[in-house]
Amino acid sequence: MRDLAYLKLLAREYPTIKAASSEIINLTAIRGLPKGTEYFFSDLHGEHEAFIHLLRSSSGIIREKIKETFGYVIPEEDQEELANLIYYPDKVIHQLSQKGKATDEWKRINIYRLVQICKVVSSKYTRSKVRKKLPEEFAYIIDELLHVDYNGENKRIYYSEIIRSIIDIDVADKFIVALCRLIQNLTIDSLHIIGDIFDRGPRADLIMNELMQFHDVDIQWGNHDISWMGAATGNRACICNVLRIAISYNSFDVLEDGYGINLRPLSMFAAGTYKNDPCARFVPHILDENIYDVVDPGLVAKMHKAIAVIQFKVEGQIIRRHPEYQMDKRRLLEQVDFEQGTVTVEGKTYKMLDMAFPTVDPKDPLKLTREEEDLLHTLQMSFRHSQLLHKHVKFLYSHGAMYKSYNQNLLYHGCIPMRKDGSFDRLEFDGVPYSGKRLMDYIDNMVQNAYFLPESSPDKTAARDFMWYLWCGEKSPVYGKDKMTTFEHYFIEEKHTHREVMNPYYQLSVKEEYCDRILEEFGLPTSHSRIINGHVPVKIKDGETPVKAGGKLFIIDGGLSKAYQSKTGIAGYTLIHNSRHLALAEHKPFTPGRENTPKVAIVEKMKRRVMVGDTDLGAELAERIEDLKELVSAYRKGVLKEKFL
């Protein structure tokens, strides 16, 4: 007999043999269904319009379902209109209503078509699971329409009367929206975000809003996510970093309109401190125009330089506090010869392209001026008091981790740090070396401590500093390069100084034997398991492929960010894992109002259809079934008594 205390708790939910037996039958039936469809996205980088379109369109799969259902019945143009209605129901209905085209006949036809698509995408689920996803207001009506037998005359009349009544009582618009949302919900069973939601693109906050409304999502943190999470903890270097990147890409909307970060103190400080400096090395990349907060490019350049110089100071202070980071060579402000106008990097001297540093004391280059200290304090308060930012960061914590092992897929953003010989590299904490899975688990705990430990805890200070190391440290699994050459990009002409050497992982992991080593380290079988990660854009135009190591490694960062698309030639990938195959959806650069359906290609067919019973969920259900069988046995033996209402 299993633990009696646990069975007593289980008995509260299933108080009779009949209730427990019914659930056993239900769970056994669920294990016999096809597995749900999983979607994997990586490196969203604030591209909210493109990502939201991909999410709502299921990366083109909804368009395929429409073609399968109506391809020989309605013309291509009508199929496209139906797809757009499913993706953006409120917007489409509003536009058609303005033009007088949302007639009763249009509504009747589209309700019928939407119900047909809904039947297709819900066919692999139990009726009870579909019911749970139904909008409460229309749950009964939708359930009836999905399960009408259209072969009988009476049922056809019944079906027609339901639709006529919906239109007559003027709830057709709401009903259409509800059907569209249900189709979106049913098409993607679970969503995996393999890191880097933030930076470069215009509105990461809108992506976070969308993710928080999704029914089943997990996130594997990327270094850009960690940087924002670090900023939320009050880490000054992370605050400077997220501001510098946002300002450098002209992304003021996400800062001020999105998170309510007050940038006026920074703009006033920059305008005064650099008033006679054109800050030519700090002109922003304008990939997107701001909608709510248009800032003069000249002032933006000054703000960019101001926050960059402060960042180099506070980063140097962290490095000095933590010799165990082994990053002393990156305290480059201290390597500047202010008389000669040069800087020494790794033993070689270079001419500086900009020597206007009014706030830097050559005798103590890392010391902040009083004005810089005051400005940083103000910015810290702004980040700490942003309610939406902390709402989003708490979601990143509650739904995120350094890695995830699920359905024989190992998910992480960057890398598992390795040495050239293929062994796992070590990172020491308090004299204890950590590597492989132990390293990832330890870092996960450090990230939690940085945010959730009380301010008075000395462990919080160390964990908060470590958030910056994760952003750019040599052995950081979410970064995976030997150094970050931000300083060199700003101040040194020679391009070879800008080179960031990738961790050996990236060369080794393209070989099956090293993928197998990683999979074994995380307790996964080497056959039929895969590693899925992002972080490094796949340059399709140079002949690269996202599928490596004989299908054991998928790198799905194809460049959703506009900043990368000139290098990659595409706009990223979605990896789609359903019961029959693995497929890659190759995204087009997103253009609002145009046809943006990705090109979907099957990259691996399953030897047999994968059922829920074959998945991690299936294993959980099997354990639940065994528990319920024990409960039934306890009732029958009289160990527990049934409770009849």
Side-chain angles (χ1 to χ4, degrees), residues 1-38 115-136 138-152 155 158 182-183 185-191 215-218 405-409 528 577-580 606-645:
M1 184 64 64
R2 296 195 179 206
D3 181 41
L4 187 59
Y6 171 70
L7 292 179
K8 286 179 179 179
L9 287 174
L10 196 61
R12 294 180 185 179
E13 192 173 353
Y14 305 99
T16 66
I17 291 175
K18 181 180 178 181
S21 298
S22 295
E23 184 65 359
I24 290 170
I25 294 168
N26 177 47
L27 296 180
T28 303
I30 290 172
R31 293 186 80 248
L33 290 171
K35 77 174 283 294
T37 303
E38 300 173 67
V115 168
Q116 299 308 304
I117 297 299
C118 211
K119 285 171 71 71
V120 170
V121 299
S122 66
S123 61
K124 65 159 58 175
Y125 302 115
T126 63
R127 192 166 178 176
S128 62
K129 181 169 182 175
V130 174
R131 278 200 200 103
K132 290 175 184 176
K133 294 176 179 285
L134 298 177
E136 188 176 344
F138 300 113
Y140 173 77
I141 300 171
I142 294 175
D143 188 51
E144 285 291 296
L145 290 176
L146 289 178
H147 298 94
V148 166
D149 179 6
Y150 304 105
N151 294 322
K155 288 294 186 179
Y158 173 64
L182 179 60
I183 291 167
N185 195 311
L186 289 168
T187 309
I188 303 177
D189 194 56
S190 57
L191 178 64
H215 57 275
D216 186 359
V217 59
D218 56 75
S405 176
Y406 189 71
N407 290 344
Q408 291 189 236
N409 293 318
H528 308 300
H577 186 193
N578 64 24
S579 62
R580 297 187 185 277
M606 303 296 110
K607 291 183 178 178
R608 62 177 181 82
R609 195 168 194 189
V610 182
M611 314 308 282
V612 171
D614 302 317
T615 67
D616 289 357
L617 174 60
E620 292 175 15
L621 295 180
E623 288 185 11
R624 183 75 165 177
I625 289 168
E626 288 304 310
D627 291 341
L628 288 165
K629 286 180 178 178
E630 287 284 350
L631 180 61
V632 170
S633 177
Y635 283 139
R636 286 176 174 162
K637 291 177 179 178
V639 177
L640 293 176
K641 292 183 179 180
E642 297 180 80
K643 293 181 180 179
F644 298 95
L645 298 177

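Hydrogens, waters and symmetry mates play no part in the numbers below; they use all other heavy atoms, side chains included.
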Indicate yes or no for a side-chain donor-acceptor contact from [X] to the backbone of [Y] under 3.5 Å, with no hydrogens or angles considered.
| X | Y | result |
| --- | --- | --- |
| Thr187 | Ile183 | yes |
| Glu38 | His577 | no |
| Glu630 | Leu7 | no |
| Lys35 | Ser579 | no |
| Ser123 | Val120 | yes |
| Lys643 | Ala11 | no |
| His215 | Ile188 | yes |
| Arg31 | Gly618 | yes |
| Tyr125 | Leu186 | yes |

For the [atom1] atom of [X] and the [atom2] atom of [Y], what is their distance to the nearest 0.5 Å?
| X | Y | atom1 | atom2 | value |
| --- | --- | --- | --- | --- |
| Ser22 | Tyr14 | OG | OH | 10.0 Å |
| Glu620 | Ile625 | CD | CD1 | 12.0 Å |
| Leu621 | Asp627 | CG | CG | 11.5 Å |
| Leu134 | Cys118 | CG | SG | 7.5 Å |
| Ser633 | Ile17 | OG | CD1 | 9.5 Å |

Taking it one step at a time, do Arg608 and Asp614 satisfy side-chain contact (heavy atoms from CB on, under 4.5 Å)?
CA-CA 11 Å; Arg608 62 177 181 82; Asp614 302 317; 3.1 Å; yes
If you define the side chain from C-beta out and look only at heavy atoms, does anything of [X] sit under 4.5 Å from [Y]?
| X | Y | value |
| --- | --- | --- |
| Ile142 | Pro135 | yes |
| Phe644 | Thr16 | yes |
| Arg609 | Arg580 | yes |
| Leu182 | Val121 | no |

Electrostatic pair Asp189:Lys124 at N-O distance under 4.0 angstrom:
no
May I ask you to decide whether Arg131 forms a salt bridge with Asp143, counting only side-chain N to carboxylate O separations under 4.0 Å?
yes
With a cut-off of 6.0 Å (strictly less than), are more than 12 heavy atoms of other residues, nucleotides or ligands near CZ of Arg127?
yes
Closest approach of [X] and [Y], non-hydrogen atoms and distance?
| X | Y | answer |
| --- | --- | --- |
| Tyr635 | Lys641 | CE2-O, 3.6 Å |
| Ser405 | Asp616 | O-OD2, 3.8 Å |
| Ala20 | Val632 | CB-CG2, 3.7 Å |

Quick one, Asp218 with Tyr406, criterion side-chain hydrogen bond (donor to acceptor under 3.5 Å, both in side chains). Give me CA distance, side-chain angles, the key distance, then yes/no.
CA-CA 11 Å; Asp218 56 75; Tyr406 189 71; over 6 Å; no
Criterion side chain to side chain contact (heavy atoms under 4.5 Å, CB included) against Glu23, the qualifying member of Thr28, Leu10, Leu628, Leu631:
Leu628
